[in-house]
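Read the structure below first, then the notes.
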Amino acid sequence: MDLNDQDWQQEQERVTQVTGKIAHRKKALEAEVGTVRGDVVELRKDFWDEVRVNFSSADDLGETSTSLRQQSQVLSERERSHLQAFESLKKLRLLEKSPYFGRIDFTENGQKQTEQIYLGIASFLDDDQETFLVYDWRAPVSSLYYDGAPGPASYQTPGGEIEGTMELKRQFVIKDGRIDVMFDTGVTIGDELLQQVLSHSSDSQMKSIVATIQKEQNAVIRNDKSRMLVVQGAAGSGKTSAALQRVAYLLYKYREILKADQVLLFSPNPLFNSYVSTVLPELGEENMMQTTFQAYLEHRLSKEYDLEDVFSQMESILNAEEGEWLENKKASIAFKASPAFLNIIRSYKDYLEHDGMIFKPIRFKGHLIVSAEAMKEKFYSYDPAVRLANRIELMREWLQKELAAFAKQERKAAWVDDQIELLSAEEYQKAYTHVRRKLASKKDTFDDHERERNLLAKMIVNEWLKPVRKWIKRKRFVDVKALYRELFVNEELFARVSGTGDLPERYHEIGAQTVQDLMEGRLSYEDATPYLYMQELMKGFQVNSLIRHVFIDEVQDYSPFQLEYLKRLFPRARMTALGDLNQGIYPHTGVLGGSLASLQELYGPEETEVISLTRSYRSTYEIVDFTRSMMPGGEAIVPFNRNGEKPLVRVQQDREELHDRIVTDIMELNAKGYEHTAIICKTAEESETVYEALKDRLPLKKITKTTPSFANGTLVIPSYLAKGVEFDAVIIYDASEGEYSRESERKLFYTACTRAMHQLHVYSLGEPSRFITDVAEDKYVLA
């Protein structure tokens, strides 16, 4: 809709007026922050000068305690004031450059006056502290901007639904207090604004999308009813961006009861944590906690085992020749990630409540304190109605008593006298001080030689038995390794707990490799979660009840086993799961079936909502049209109408010519202003080769699984590490039939290609992959 000069002038005058008030408020707040900061510094420096310390009597002690408490309260109050003022100042600094991005004129039914509502990343009140000059994009009324169009409209508030008429919807791009772009629109978020935003270069970090949130994304952001929200989104549909805005929305709506450290994001890799780390601060919110599932596994298991990570697993499979090892590995991954194996582990736990428990004997200096047989007998002497984990807890208490009785006897042992004789003067004095402190209220002293020997013996034995005591406390007496191993060596047991009586395909081959890994102190990626899950069933689950919202990105890369484990780990949390089955690149991803809707089994259909995002915004129409043609059912992906060049497919017969062409290609892309280009290789091994071949000819950055963050420039990156990230231009290093021929690699190739925003150049050493040649020839340019 065209806007006349008068409209533009009036809006610019308002922008100038509002930014002036923001600048004035900011200046006053800066002065306040400085003053309060000074107060805090002085209070900390003079803290003890203001406290009267006197422990002479009970009254003096009480007065000292009161003085300490009062001074501490004063300091805490000033620190709290400083923090609040500082947070407000951060939001004002964000608003000053661009105070708002949208306007809606809304007339509520029964009211004559039309309200002009301007939306920004944070609220801003006029000097009267009652009139909103800017509404926070998360406020209930703001949903009109994202969901409605001029005409009859309504929005939900805590007090109920508000109905009325939207008279106007206007969008802005404001930079440094000047309106760059302004237009009226009759739809949700106008294509004009999206066109401008999407035509810009990509960046090394994800940006906020609050000005361009689409109606379907808004449904993801504002959903606060479902226990489990599943978002199936096509590549480039903005599902991750919407999830991050959802975090900001939840922190805003529930700000009295929800803090950023109660929200946890599971990212696909450590690089991704850096990539999304600026989104929430851009909105004036603290970052939520971020981790990877691999990091959690390492936290729990790496002290005992050498853990394979998912990237190493992927690398070994992609580099493997067709043959027995590869088939065995795929079978092992598929089975151990399946719901069937999850049920087997649960059934095995039920079986162990009646028979088959395996314990480790407790020994000290060659002495058997408690045998494995005695422990097993004790375990099955408990009431069978007591669940397994509780019986293990009773075992722990019993073993601690047995150890205490052993310790008492061991004080008489000859080795204890040897240790007493070996005590240095310094160690003896330390022991004397320690014992005197322990016996301060008793009559025992070091005056009597025999009593002295007994006290030292007690101290020495207790010190030497500390590791055993800790071992028992941690329930290490349960032989989880042997119990897990038993599933893969005892066919009769496996058939019994499977429920079907059948063995899985390649059971013996899978079992042999599993046992070998366990004996050599290794855990493959597919074994880690089942092993940990079984360990928790034995010893009791270590749960985190503080986390209230869990976000899982790239959920298609999680097995049912892993998702069930996360559900148990965070019992009070709501879960938001985001994924795209077309990007399920890892070997275990097929177990989710044909739809992420299968995730509703985790919490039940009544507590689960599935939202599909089918429109792709990242790439040009031509790139989306090319990539969706590779995938079965790809026609459901709707490209955003932003035109560009068709993908270029270039066939080279010689590797040196390929490198020459890539160097020229990147120089041309740089000349066009593309600052963020990726050379995507299939594997880390290939990435290393390409980097070494080109690093002296181009400024390159090599990305590995340990790289802490992305950066602008030309990156060389393995395909599986590029997930979730976007680049101005993508060069697929070698898309030949020799490289991408297995059907299992189709999604990997699709994922690599969909990283491109503006330019996609696909190189092939020899005949191109069928993933390309099966696409209609008019969807790409063959060079």
Centroid separation Y305 to Y531 less than 6.0 Å: yes
Centroid separation Y533 to F541 less than 6.0 Å: yes
State whether the number of non-hydrogen atoms from other residues, nucleotides or ligands found under 6.0 Å of [X] atom [atom1] is greater than 12.
| X | atom1 | value |
| --- | --- | --- |
| E304 | CD | yes |
| K401 | NZ | no |
| E377 | CD | no |
| E520 | CD | yes |
| R474 | CZ | no |

4.5 Å side-chain heavy-atom contact, [X] and [Y]:
| X | Y | result |
| --- | --- | --- |
| F335 | I344 | yes |
| L518 | L523 | yes |
| V310 | M314 | no |
| V555 | L578 | no |

Residues [X] and [Y] bridged, charged N to O under 4.0 Å:
| X | Y | result |
| --- | --- | --- |
| E536 | R300 | yes |
| E564 | R346 | yes |
| E393 | R396 | yes |
| E607 | R574 | no |

I'd like to know if the side chain of [X] reaches the main chain of [Y], judged simply by a donor and an acceptor atom lying under 3.5 Å from each other, with no hydrogens or angles considered.
| X | Y | result |
| --- | --- | --- |
| N319 | E315 | yes |
| K349 | L537 | no |
| K259 | R255 | yes |
| S332 | N328 | no |
| Y348 | L483 | yes |
| E505 | A331 | no |
| E308 | Y525 | yes |
| T514 | I510 | yes |
| Q562 | S559 | yes |
| S498 | G501 | yes |

Atom [atom1] of [X] and atom [atom2] of [Y]: how far apart are they, to the nearest 0.5 Å?
| X | Y | atom1 | atom2 | result |
| --- | --- | --- | --- | --- |
| L271 | T707 | CG | OG1 | 5.5 Å |
| K567 | L563 | NZ | CG | 11.0 Å |
| L721 | F311 | CG | CZ | 5.5 Å |
| I547 | M575 | CD1 | CE | 11.5 Å |
| D557 | F266 | CG | CZ | 14.0 Å |
| Q313 | L318 | CD | CG | 10.0 Å |

Worked check of side-chain hydrogen bond (donor to acceptor under 3.5 Å, both in side chains) between E554 and Q556: CA-CA 5 Å; E554 307 292 355; Q556 77 281 350; 2.7 Å; yes
Check against side chain to side chain contact (heavy atoms under 4.5 Å, CB included), V247 and E285: CA-CA 9 Å; V247 174; E285 297 289 354; over 6 Å; no
Taking all non-hydrogen atoms of both residues into account, name the closest pair between [X] and [Y] and its distance.
| X | Y | value |
| --- | --- | --- |
| Y380 | G356 | OH-N, 3.3 Å |
| Q542 | L569 | O-CD1, 2.9 Å |
| Y484 | P530 | OH-CB, 3.8 Å |
| M375 | P361 | SD-CA, 4.4 Å |
| F359 | A372 | O-CB, 3.4 Å |
| P560 | A337 | CD-O, 3.1 Å |

Aromatic F561 / basic K336 pairing, under 6.0 angstrom, 45° off normal: no
Sole residue of R522, K329, K481 in salt bridge (charged side-chain N to carboxylate O under 4.0 Å, His left out) with D517: R522
Compile the donor-acceptor pairs under 3.5 Å between side chains in residues 382-392 and protein atoms, sequence neighbours left out, one pair per line.
| residue | atom | partner | partner atom | Å |
| --- | --- | --- | --- | --- |
| Y382 | OH | L394 | O | 3.4 |
| D383 | OD1 | A385 | N | 2.9 |
| R391 | NE | V386 | O | 2.9 |
| R391 | NH1 | E353 | O | 3.1 |
| R391 | NH2 | E353 | O | 3.0 |
| R391 | NH2 | V386 | O | 3.3 |

Q294 and E298 side chains, donor-acceptor separation under 3.5 Å: yes
